[in-house]
Amino acid sequence: MSCRAAGGGRLNYFPAGESGGGDVSPTIGAGPRGGTGMSVVNSRVKRALGLKARRSSQPTTARVSSMNASSAPGSPGRAMWAMSQPSTPVSPGKGRRPMTSAEIMRQQMRVTEQNDARLRKTLMRTLIGQVGRKAETIVLPLELLRQVKLTDFADSGEHHQWQRRQLKLLEAGLIAHPSLPHDRLNAVVLRFREVMQAADARAIDTGKTSDAMQALCNAVHALAWRSAPGSKAAGGDACHWADGYPLNVLLYVSLLQAIFDLKEETVVLDEVDELLELMRRTWPTLGINKMLHNVCFAWVLFQQYVVTGQIEPDLAGAALAMLTEVAADAKQESRDPVYARVLSSILATIHDWSEKRMLGYHEWFGNGNCGAGGAMAMEGALSLALATTQIISDNAIFTSISTAETEHEDCSVGSFAGDRVDYYVRCSTRSAFTKILENGLGQGDSLIIDRHDDEDPGDILARLAGDTEHIALSERDAFGPVLRRWHPFPGAVTAVTLHGCFGVVLKQYLGKATGLSNELVHVLHAAGRLEKALVQMVVEDVADSDDGGKSVVREVVPYDVESIVFGFLRTWVEERLKICRECMLRAKETESWMPRSKNEPYAQSAVELMKLAKATVDEFFGIPVPVRDDLVQDLADGMEAIFLEYISFLTSCGSKQSYLPSLPPLTRCNQDSKIIRLWKKAATPCRAPVSSPRAHGHHQGQGGMASGGQNPRPSTSRGTQRLYVRLNTLHFILSHVHALDKSLSFFSRGRCSSSPSSAATARLLAPCSHFAARAPRRSPRSGTSPRSFTKEDHGMVEEDFRSLKRAFCTRGEGVVTEEVVDGEAEAAESVVALMGQTPEQLVEELSIACELNGTASSAGQRMPLPETTWRWSRTDPDTILRVLCHRDDEVASHYLKRAFQLPKRR
């Protein structure tokens with residue numbers, strides 16, 4: 001319709017199977033596949049859009065004229081089209097001929113020949129006798145309803161559906177989306193809706209005498225032939241039935257979509273110039289102008305790029321070329337509201353689509369999501385995002401749709417494009433990191449330490465470090481070359497962003513860590529490797545930049561893994577030393593100094609403490625991290641303090657006086673009768689003969705037998721046994737301290753920068769060795785059993801005492817000198833000397849000693865017992881009295897009974 005009106009001539013109609021008859025007039029379009037007669041390889045549109053030609057030429061068998069040569073000079077058709085020689089078209093029924101532009105258009109829009117015939121028939125009947133009538137004065141759906149009859153359809157049902165479709169189109173253009181607003185409740189609108197309701201029930205009669213058709217025509221004319229308030233145009237000069245938004249844009253976009261090949265949807269037909277020229281003729285009817293055409297054409301190219309899977313980058317390039325025209329148009333001050341609405345809607349859609357993909361380009365274009373052309377697809381999306389964002393930001397009219405979308409971080413990259421790319425890189429990198437984090441968690445938890453499944457959080461974090469490095473590598477290899485067109489160092493930005501993201505997760509993990517463990521060490525090793533790789537990428541990427549990438553390098557906050565490890569190690573050492581100290585303090589409260597067994601004659605607390613110390617040293621050097629010598633020294637010093645305190649506790653066993661047996665009660669030796677002695681002798685088993693003096697003393701003194709019974713009594717006091725345990729415990733500690741020292745020296749040579757000082761060990765072994773060396777390996781046994789001696793036993797006792805002195809001097813391995821032994825034996829020697837005196841001599845010396853001390857008694861009175869001073873000597877009354885108490889003699893017994901009234905020993 002539009003082309004016929006613009007051509008100014010009569011449309012030739014060829015029904016199917018018939019040839020043209022009568023006068024020959026030009027058809028719509030000419031040349032090979034619609035043409036200008038030019039070679040299609042010279043398509044100006046495709047060349048301007050950067051689209052490649054499909055073929056270099058198109059063979060033809062005949063030509064038809066392009067447009068009527070009698071078009072008025074200066075008309076748009078004459079200016080836009082190159083004319084060819086007129087020729088007579090060949091009938092489809094008699095031979096093949098090239099397709100005209102109109103036929104190509106019909107085929108591209110999938111219009112059947114039957115519908116095309118109805119349209120041509122309607123136009124021919126409408127324009128009879130109306131030469132020069134403008135297309136914009138024709139309401140095409142109304143004319144179709146007038147001219148097309150029931151006989152043109154296969155059945156009445158098809159005819160009815162066709163009528164309803166035409167009425168729906170009229171309703172959309174005149175009532176739903178009019179170019180000039182009106183009151184939808186006025187009488188004309190109501191009459192039109194009444195006709196539509198009637199048509200819903202059954203087909204309306206379209207005859208000239210039909211009331212329904214007359215009412216429809218009146219309503220359509222009243223609504224279509226209106227002028228805007230204040231307009232100077234006459235009512236019959238313009239018809240508004242398809243120029244209201246968005247109907248006009250939808251119709252024009254459907255026309256523009258015909259430029260793509262039906263079989264190869266990513267290909268623009270080489271005849272696009274001719275097809276676009278046909279579409280240009282519809283502008284007056286649809287209310288389209290060049291600015292609207294540019295924005296709609298950009299949309300169609302973009303839409304085709306998207307629906308075909310973004311596999312043809314030339315389509316994205318063509319859309320960008322049109323957006324360049326759109327950007328120039330958008331800067332014009334005089335813009336009608338419809339254009340602003342169309343531009344706003346289309347730019348927002350393109351911007352949202354491309355921005356969404358650029359904010360997550362790792363997911364959209366990575367991992368083969370766009371096939372082998374992922375980088376090119378990303379380049380197309382990035383170009384579209386930058387172009388639309390630039391247009392939106394440059395035009396204040398779009399502020400409402402761009403406020404939230406165009407804000408971005410101040411990355412100080414410089415240019416507008418550089419800043420946007422920096423923003424996209426950071427956002428997409430964070431999104432990719434979050435994705436792999438959620439995939440590792442399985443449930444999308446916010447913190448990995450909140451998981452309760454069987455997977456180790458440390459393993460998740462270590463795997464996350466590897467995946468993070470993979471993102472950085474893919475950025476460098478796949479996306480970096482594309483992004484460098486707009487950004488000087490995109491790889492560095494990615495590496496810095498990933499470094500920060502992993503740092504946040506690492507910080508959360510470390511915040512929940514309770515102590516150093518193999519899992520934690522594994523995570524820290526992985527973090528260290530990741531940091532090293534990312535920093536290397538940053539250095540490589542900013543090497544060629546003008547300022548060395550100072551802005552992005554400053555963003556790197558080191559993980560400082562070594563300091564973290566050192567801090568955890570120090571905490572670990574402090575906690576272990578605390579445990580060791582608690583063990584030592586517990587020993588102070590509970591240790592009874594009783595041996596575990598005959599094979600382990602030392603304190604249980606020492607065993608526990610040394611096991612704990614050895615385990616601490618082994619675990620410390622078993623941690624797979626390099627340790628510092630100062631930390632080893634801290635461990636050694638801490639153990640030294642604990643051992644010294646334990647040894648101080650061990651050696652605080654009191655003076656030697658506390659280990660002397662308790663003094664027996666003062667009694668007389670029991671002088672049994674001869675009958676009782678004979679009875680005891682008869683009851684005694686046969687034994688080897690011994691000398692009489694020694695037999696009596698040995699039986700009483702060495703055999704440990706009481707004078708009145710056969711049951712043995714312990715020859716070692718409880719205090720002395722505990723002393724043995726203390727001494728053995730000291731030797732046990734001494735041997736294990738040497739082993740710990742060897743362990744510290746061995747491990748430190750391989751793990752520390754220098755061997756730790758052995759000063760702590762040396763300080764520990766001085767007090768320990770000194771105490772152990774001064775004490776004999778075996779202490780003499782104490783005896784508290786009631787013994788009795790005679791004067792004849794003196795020689796035996798004196799000989800035993802000399803042997804005991806020699807034992808201390810010789811078996812002490814030289815650590816106890818003879819002078820020390822003599823000094824300690826001086827008091828005992830005076831007691832042994834008293835044992836060699838007769839009872840009479842002892843009684844006399846006791847009387848003299850009591851008189852000297854003022855304890856002598858008057859005649860006939862009981863003597864007071866002398867005071868026990870523990871200063872044993874032959875002049876001490878208590879010493880002499882106790883020798884008498886152990887003298888098995890009648891004189892002694894009688895004296896003790898008379899003077900002190902002492903009872904007999906039981």
Side-chain angles (χ1 to χ4, degrees), residues 45-54 259-261 263-269 272 297-327 346-347 349-391 415-418 420-429 431-432 435 470-494 541:
V45 174
K46 295 187 74 169
R47 186 168 60 251
L49 296 178
L51 298 172
K52 296 183 290 291
R54 292 184 62 190
I259 67 173
F260 301 105
D261 195 307
K263 294 182 178 179
E264 299 181 54
E265 295 181 337
T266 60
V267 176
V268 174
L269 295 177
V272 60
F297 196 23
W299 166 253
V300 168
L301 292 169
F302 164 76
Q303 186 182 44
Q304 194 70 9
Y305 173 67
V306 173
V307 299
T308 55
Q310 310 162 54
I311 60 176
E312 180 51 71
D314 285 353
L315 289 178
L320 285 171
M322 289 308 303
L323 284 176
T324 303
E325 298 293 328
V326 171
I346 289 179
L347 284 181
T349 303
I350 298 176
H351 177 266
D352 290 347
W353 180 90
S354 56
E355 187 97 338
K356 178 180 179 180
R357 277 148 183 80
M358 287 311 302
L359 292 176
Y361 64 81
H362 290 89
E363 178 182 359
W364 286 100
F365 306 111
N367 301 323
N369 290 338
C370 290
M376 289 189 294
M378 188 197 75
E379 182 176 3
L382 176 56
S383 301
L384 291 169
L386 293 177
T388 53
T389 304
Q390 185 71 63
I391 296 174
S415 64
F416 169 82
R420 292 303 298 170
V421 171
D422 194 280
Y423 174 61
Y424 295 148
V425 170
R426 294 176 187 271
C427 290
S428 181
T429 301
S431 177
K435 188 72 174 179
H470 176 73
I471 294 178
L473 293 174
S474 66
E475 175 76 20
R476 182 191 64 186
D477 299 335
F479 305 125
V482 175
L483 297 174
R484 275 188 175 273
R485 289 182 51 191
W486 295 275
H487 197 288
F489 36 79
V493 174
T494 298
D541 208 44

Open item on the list: Would Ile259 and Leu269 count as a side chain to side chain contact (heavy atoms under 4.5 Å, CB included) here? Give the steps.
Closed with: CA-CA 6 Å; Ile259 67 173; Leu269 295 177; 5.7 Å; no
- [ ] Evaluate the criterion side chain to side chain contact (heavy atoms under 4.5 Å, CB included) for residue pair Leu483 and Leu382; output intermediate values, then yes/no.
- [x] CA-CA 9 Å; Leu483 297 174; Leu382 176 56; 3.7 Å; yes
Task: Arg420/Glu355 under side chain to side chain contact (heavy atoms under 4.5 Å, CB included): CA gap, chis, key distance, verdict - done: CA-CA 10 Å; Arg420 292 303 298 170; Glu355 187 97 338; 2.6 Å; yes
Open item on the list: Before you tell me yes or no, could you show the steps for Tyr423 and Thr389 under side chain to side chain contact (heavy atoms under 4.5 Å, CB included), namely the whole-Å CA-CA distance, both residues' side-chain angles and the distance that decides it to 0.1 Å?
Closed with: CA-CA 13 Å; Tyr423 174 61; Thr389 304; over 6 Å; no
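Under the 6.0 Å cut-off for aromatic ring centres, Trp364 and Tyr361 do not qualify, their centroids lying 6.0 Å or more apart.
Residues Ala381 and Ser354 approach most closely at O-CB, 3.4 Å, considering heavy atoms. Taking both residues in full, the closest heavy atoms of Phe489 and His487 are given as N-ND1, 3.0 Å, listed atom of the first, atom of the second, then distance. Among all heavy-atom pairs drawn from Pro490 and Gly480, the shortest one is CG-O, 4.1 Å. Residues Ala385 and His351 come closest through the heavy atom pair O-CD2, 4.3 Å. The two residues Leu323 and Ala298 come nearest to each other via the heavy atoms CD2-CB, 4.2 Å. When all heavy atoms of Leu384 and Ala316 are compared, the closest pair comes out as CD2-O, 4.5 Å.
In this structure Thr388 satisfies the side-chain hydrogen bond (donor to acceptor under 3.5 Å, both in side chains) test with no other residue, sequence neighbours excluded.
Salt-bridge annotation for Lys356 and Glu363: absent, with no side-chain N of the basic residue lying under 4.0 Å from a carboxylate O of the acidic one.
Judged by distance alone, the side chain of Ser428 and the main-chain N or O of His362 form a donor-acceptor pair under 3.5 Å. Using modelled atom types, one side-chain atom of Ser383 and one backbone atom of Glu379 make a donor-acceptor pair closer than 3.5 Å. With Lys46 contributing its side chain and Val272 its backbone, the two residues share no donor-acceptor pair below 3.5 Å. Judged by distance alone, the side chain of Glu265 and the main-chain N or O of Gln304 form no donor-acceptor pair under 3.5 Å.
Contact of the Glu325 side chain with the Phe297 side chain is not registered, since no non-hydrogen atoms from C-beta on lie closer than 4.5 Å. Leu315 has its side chain within reach of Phe260: a pair of non-hydrogen atoms, C-beta onward, lies under 4.5 Å apart.
Remark: Phe416 CZ to Gln390 CD distance equals 4.5 Å, nearest 0.5 Å. Summarising the geometry, atom CZ belonging to Phe302 is positioned 8.0 Å from atom OG1 belonging to Thr349; distances are rounded to the nearest 0.5 Å. To the nearest 0.5 angstrom, Trp353 atom CH2 is 10.5 Å from Met358 atom CE. One distance of note links CG of Leu386 with OH of Tyr424; it measures 5.5 Å at 0.5 Å rounding. Atom CG of Leu347 sits about 10.5 Å away from atom CG of Asp352, to the nearest 0.5 Å. Rounding to the nearest 0.5 Å places CD of Glu312 at 10.0 Å from CD of Glu264.
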